[in-house]
Amino acid sequence: MIKMKKLLVIGGGNAGTLIANLLAGKLDVTVIEPNEYHLYQPGLVDYIIGEVDESKISMPIRSVLKSKVKWIKSKVTKILVDDRAVLTERGERYEGDYLVIATGGQNKSLFNLKGYHTLDDGRSIREIIKNPKGKNFVIGSMPGIIKCPAAPWEISFLLKNKYPEANVTLIIPAKQPPSLQVPMFNLFSKMASVLGIKVLRGFVINSVDYENKIITSIEGERVNFDHLIIDTPISTTFNELADNSGLIPVDRETLTFKDGVFVIGDANNTPTPKTGAAAHFQAEVVANNILYEIEGNRDKDRYKGDAMCAVYSGPRDGALVWLNYNRSKALGPSPIYYYMKKYFTNLYWSSLHGGIDILLKPMVYSLSKS
Ligand SMILES: Cc1cc2nc3c(=O)[nH]c(=O)nc-3n(C[C@H](O)[C@H](O)[C@H](O)COP(=O)(O)OP(=O)(O)OC[C@H]3O[C@@H](n4cnc5c(N)ncnc54)[C@H](O)[C@@H]3O)c2cc1C
């Protein structure tokens with residue numbers, strides 16, 4: 001009997017879970033992930049605004065991994081790239097014929113700012129939003145690569161819809177967005193203006209005075225806040241593998257770091273927004289190419305930079321942003337995208353098994369052609 005090749009996946013988030021499930025049974029797959037629960041991060045937006053409860057956005061890791069996938073509940077402390085091996089916090093060593101790094105990005109700690117990436121962050125923001133003491137909200141991000149650049153806009157839209165009387169200010173560190181994000185910025189700026197959200201472009205936080213509740217930009221502009229929700233940039237915790245971006249360099253089409261070692265999702269330095277959609281498409285490309293190497297009964301695939309994000313914008317309106325390495329689009333507002341986002345909270349769990357590719361693939365194809 002031919003021995004199955006071994007795949008070792010570090011991280012059981014969006015990218016790691018999908019690739020593990022896609023290759024389960026075809027390779028001997030092990031996922032190393034320290035958390036008990038898998039968090040659907042885009043659902044944090046629904047959660048903090050009070051639209052869904054925790055059970056909708058968080059599931060036990062074991063339940064999202066196919067039964068043939070082995071799960072080691074531990075944290076990887078060292079990656080031995082040349083050996084396609086890792087060491088864990090418990091001092092154990094695991095190795096594979098293939099190694100996939102899918103460890104996401106960790107937020108930098110700056111000015112004690114509270115972001116919105118974890119369920120704990122989400123819980124405290126949800127409490128504030130439920131019963132806010134003062135309705136002067138400042139939302140935004142710090143310069144650098146953040147998760148889902150649409151998220152600060154979306155949180156602002158939702159807050160203003162929930163509390164039309166609130167002052168909502170959105171701070172955007174870049175004066176001009178990167179060219180592929182221009183359609184999104186133009187559409188979202190119009191939506192913000194209709195809703196009465198103040199958008200400050202080129203506002204880079206220089207200090208946060210929590211006592212007097214004032215943030216100051218490097219240009220000396222001061223903004224008062226009752227509640228501050230600011231996202232900080234991400235980087236990998238595996239500094240020794242990272243480039244200047246703080247993320248792990250890969251070939252942008254094959255996601256290869258080194259022969260047999262791939263990095264997928266937020267952890268890599270591909271020049272595309274850090275989104276679950278990008279993580280999903282990258283996992284599929286690498287899964288396909290591993291099978292191409294082992295079975296040879298298919299074509300080799302290339303990741304073309306596809307990323308996608310549906311955003312709530314009004315009480316029943318939404319927008320859809322799509323881009324790849326060369327082109328981008330921002331569509332809406334329309335109820336179609338609102339409901340697309342809303343129902344994806346249920347569909348997400350099935351997407352972790354490749355279950356909705358029958359919908360996703362034609363959609364991306366038509367967006368890239370039209
Ligand atoms: C508020 C918010 C809104 C968002 N909205 C959208 C949206 O509308 N659309 C969209 O497409 N994307 C959105 N995103 C982004 C999306 O959630 C991420 O891009 C996606 O989760 C990235 O998947 P990943 O697998 O790379 O990382 P993650 O899903 O973050 O998973 C990484 C996993 O690696 C594990 N890990 C880390 N370090 C180690 C280690 N040392 N050893 C073992 N395991 C480790 C972590 O515990 C985690 O489970 C949003 C994100 C946020 C926070």
Side-chain angles (χ1 to χ4, degrees), residues 8-20 30-49 57-59 61 64-65 71-79 86-90 94 100-107 115-119 121-122 125 139 141 145-155 158 184 229 231-232 234-239 241 247-248 255 263-268 270 272-283 306-312 318-323 337 340-342 344-345 348 351-352 360:
L8 190 56
V9 181
I10 321 173
N14 196 342
T17 301
L18 177 61
I19 195 164
T30 301
V31 172
I32 308 183
E33 163 63 55
N35 289 320
E36 283 281 344
Y37 285 86
H38 179 116
L39 178 65
Y40 169 54
Q41 293 170 34
L44 281 169
V45 171
D46 306 72
Y47 176 70
I48 63 175
I49 220 77
I57 61 166
S58 153
M59 294 271 260
I61 292 281
V64 297
L65 290 171
W71 169 37
I72 310 285
K73 185 181 173 330
S74 192
K75 186 173 174 182
V76 168
T77 49
K78 185 142 189 72
I79 302 178
V86 302
L87 301 178
T88 69
E89 59 191 346
R90 296 199 293 258
Y94 297 92
V100 170
I101 303 170
T103 42
Q106 278 68 43
N107 286 92
Y116 43 72
H117 284 192
T118 65
L119 203 44
D121 294 337
I125 298 174
I139 318 295
S141 62
I145 301 170
I146 60 162
K147 286 196 188 205
C148 193
W153 293 89
E154 188 176 32
I155 294 170
L158 285 170
M184 176 184 99
I229 306 173
D231 201 8
T232 61
I234 55 167
S235 59
T236 176
T237 48
F238 297 101
N239 295 330
L241 304 183
L247 297 168
I248 306 175
L255 295 323
V263 188
I264 54 175
D266 290 356
N268 72 33
T270 47
T272 198
K274 299 301 164 200
T275 59
H280 183 102
F281 299 130
Q282 292 177 10
D306 286 296
M308 201 162 57
C309 184
V311 167
Y312 300 116
L320 182 71
V321 180
W322 165 86
L323 54 75
Y337 307 127
M340 187 187 277
K341 178 79 185 239
K342 194 135 197 90
F344 195 75
T345 309
Y348 174 73
S351 82
L352 293 175
L360 276 181

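Just so you know, ligand 1 is whichever comes first in the structure, and atom 1 is the first atom listed for that ligand.
Of the protein's non-hydrogen atoms, Cys309 SG, 3.7 Å is the one closest to atom 9 (N) of ligand 1. Residue, atom and distance of the protein heavy atom nearest to atom 50 (C) of ligand 1 are Cys148 CB, 3.6 Å. The nearest protein atom to atom 26 (O) of ligand 1, hydrogens excluded, is given as Asp266 N, 2.8 Å; this is a heavy-atom distance. Ranking the protein heavy atoms by distance from atom 13 (C) of ligand 1 puts Pro42 CG, 3.4 Å first. Looking only at heavy atoms of the protein, atom 31 (O) of ligand 1 is closest to Gly13 CA, 3.2 Å. Counting protein heavy atoms only, atom 27 (O) of ligand 1 is closest to Gly104 CA, 3.5 Å. Nearest non-hydrogen protein atom to atom 39 (C) of ligand 1 is Thr103 CG2, 3.6 Å. Counting protein heavy atoms only, atom 42 (N) of ligand 1 is closest to Val76 N, 2.9 Å.
Close approach to Lys341 involves these atoms of ligand 1, each under 4.0 Å from a residue heavy atom: 8 (O). Counting atoms of ligand 1 from 1 in the listed order, those under 4.0 Å from a heavy atom of Ile32 are 43 (C), 44 (N). Within ligand 1, the atoms closer than 4.0 Å to a non-hydrogen atom of Pro34 are 43 (C), 44 (N), 45 (C), numbered from 1 in the order shown. In the vicinity of Ala279, heavy-atom distances shorter than 4.0 Å reach the ligand 1 atoms 23 (O). Those atoms of ligand 1 with a heavy atom of Ile10 less than 4.0 angstrom away are 42 (N), 43 (C). Heavy-atom contacts of Gly265 reach the following atoms of ligand 1: 26 (O) (cutoff under 4.0 Å). Of all the atoms in ligand 1, the ones that sit under 4.0 Å from a non-hydrogen atom of Lys274 are 15 (C), 19 (O). Within ligand 1, counting atoms from 1 as listed, the ones closer than 4.0 Å to a heavy atom of Tyr116 are 1 (C), 53 (C).
Atom NZ of Lys73 sits in a crowded spot, with more than 12 heavy atoms from other residues, nucleotides or ligands closer than 6.0 Å. Annotation for Phe344: atom CZ counts as buried by contact number, over 12 foreign heavy atoms lying within 6.0 Å.
A 4.5 Å side-chain heavy-atom check between Thr272 and Gln282 finds at least one atom pair inside the cut-off. At least one side-chain heavy atom of Asn268 sits less than 4.5 Å from a side-chain heavy atom of Leu255. Using a 4.5 Å heavy-atom threshold, the side chains of Thr275 and Met308 count as separate. Taking the side chain as every heavy atom from C-beta outward, Thr236 and Leu241 never approach each other to under 4.5 Å. Counting only heavy atoms from C-beta outward, the side chains of Gln41 and Cys148 never approach each other to under 4.5 Å. For the pair Lys274/Leu247, a side-chain contact is recorded, criterion being any heavy-atom separation below 4.5 Å from C-beta on. The side-chain heavy atoms of Pro152 and Ile146, taken from C-beta on, include a pair separated by under 4.5 Å.
Close N/O approach between Ala15 and ligand 1 is found [any backbone or side-chain N/O within under 3.5 Å]. Among the atoms of Gly276, some N or O lies under 3.5 angstrom from an N or O of ligand 1. For a threshold of 3.5 Å applied to N or O pairs, the pair formed by Gln41 and ligand 1 contains at least one separation below that value. Not one N or O of Lys75 is nearer than 3.5 Å to an N or O of ligand 1, by distance alone. Among the atoms of His117, none of the N or O lies under 3.5 angstrom from an N or O of ligand 1. For Ser74, no nitrogen or oxygen atom sits less than 3.5 Å from a nitrogen or oxygen atom of ligand 1, counting backbone and side chain alike. Annotation: Glu154 places no N or O atom under 3.5 Å from an N or O atom of ligand 1; distance criterion only. On a distance-only criterion, Ala277 and ligand 1 share at least one N/O pair closer than 3.5 Å.
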>> Apply side chain to side chain contact (heavy atoms under 4.5 Å, CB included) to residues Arg90 and Ile72 and explain how you reach the verdict.
In response: CA-CA 11 Å; Arg90 296 199 293 258; Ile72 310 285; 3.9 Å; yes

>> Is there a side chain to side chain contact (heavy atoms under 4.5 Å, CB included) between Tyr348 and His38? Walk through the geometry before answering.
In response: CA-CA 11 Å; Tyr348 174 73; His38 179 116; 2.7 Å; yes

> Hey, mind stepping through Ile125 and Ile155 against side chain to side chain contact (heavy atoms under 4.5 Å, CB included) and telling me if it holds?
Replying inline: CA-CA 11 Å; Ile125 298 174; Ile155 294 170; over 6 Å; no

>> Under the criterion side chain to side chain contact (heavy atoms under 4.5 Å, CB included), I'd like the reasoning laid out for Ile139 against Trp153: C-alpha separation, chi angles, the key distance, then a yes or no.
In response: CA-CA 8 Å; Ile139 318 295; Trp153 293 89; over 6 Å; no

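Every heavy atom of His38 sits 4.0 Å or more from the atoms of ligand 1.
If you look at Phe238 next to ligand 1, the close heavy atoms, those under 4.0 Å, all belong to the side chain. Under 4.0 angstrom from ligand 1, the non-hydrogen atoms of Ala102 all belong to its backbone. Contact annotation for Asn35 and ligand 1: only side-chain heavy atoms (C-beta onward) come within less than 4.0 Å of the ligand.
Here the OG atom belonging to Ser74 is positioned 11.5 Å from the CD1 atom belonging to Ile10, to the nearest 0.5 angstrom. Here Leu87 contributes atom CG and Tyr94 contributes atom OH; the two are 11.0 Å apart, rounded to the nearest 0.5 Å.
For Asp231 and Lys147, the salt-bridge test fails: no basic side-chain N is under 4.0 Å from an acidic carboxylate O.
The nearest non-hydrogen atom to atom 48 (C) of ligand 1, considering only Lys78, Glu33, Met308, comes from Glu33.
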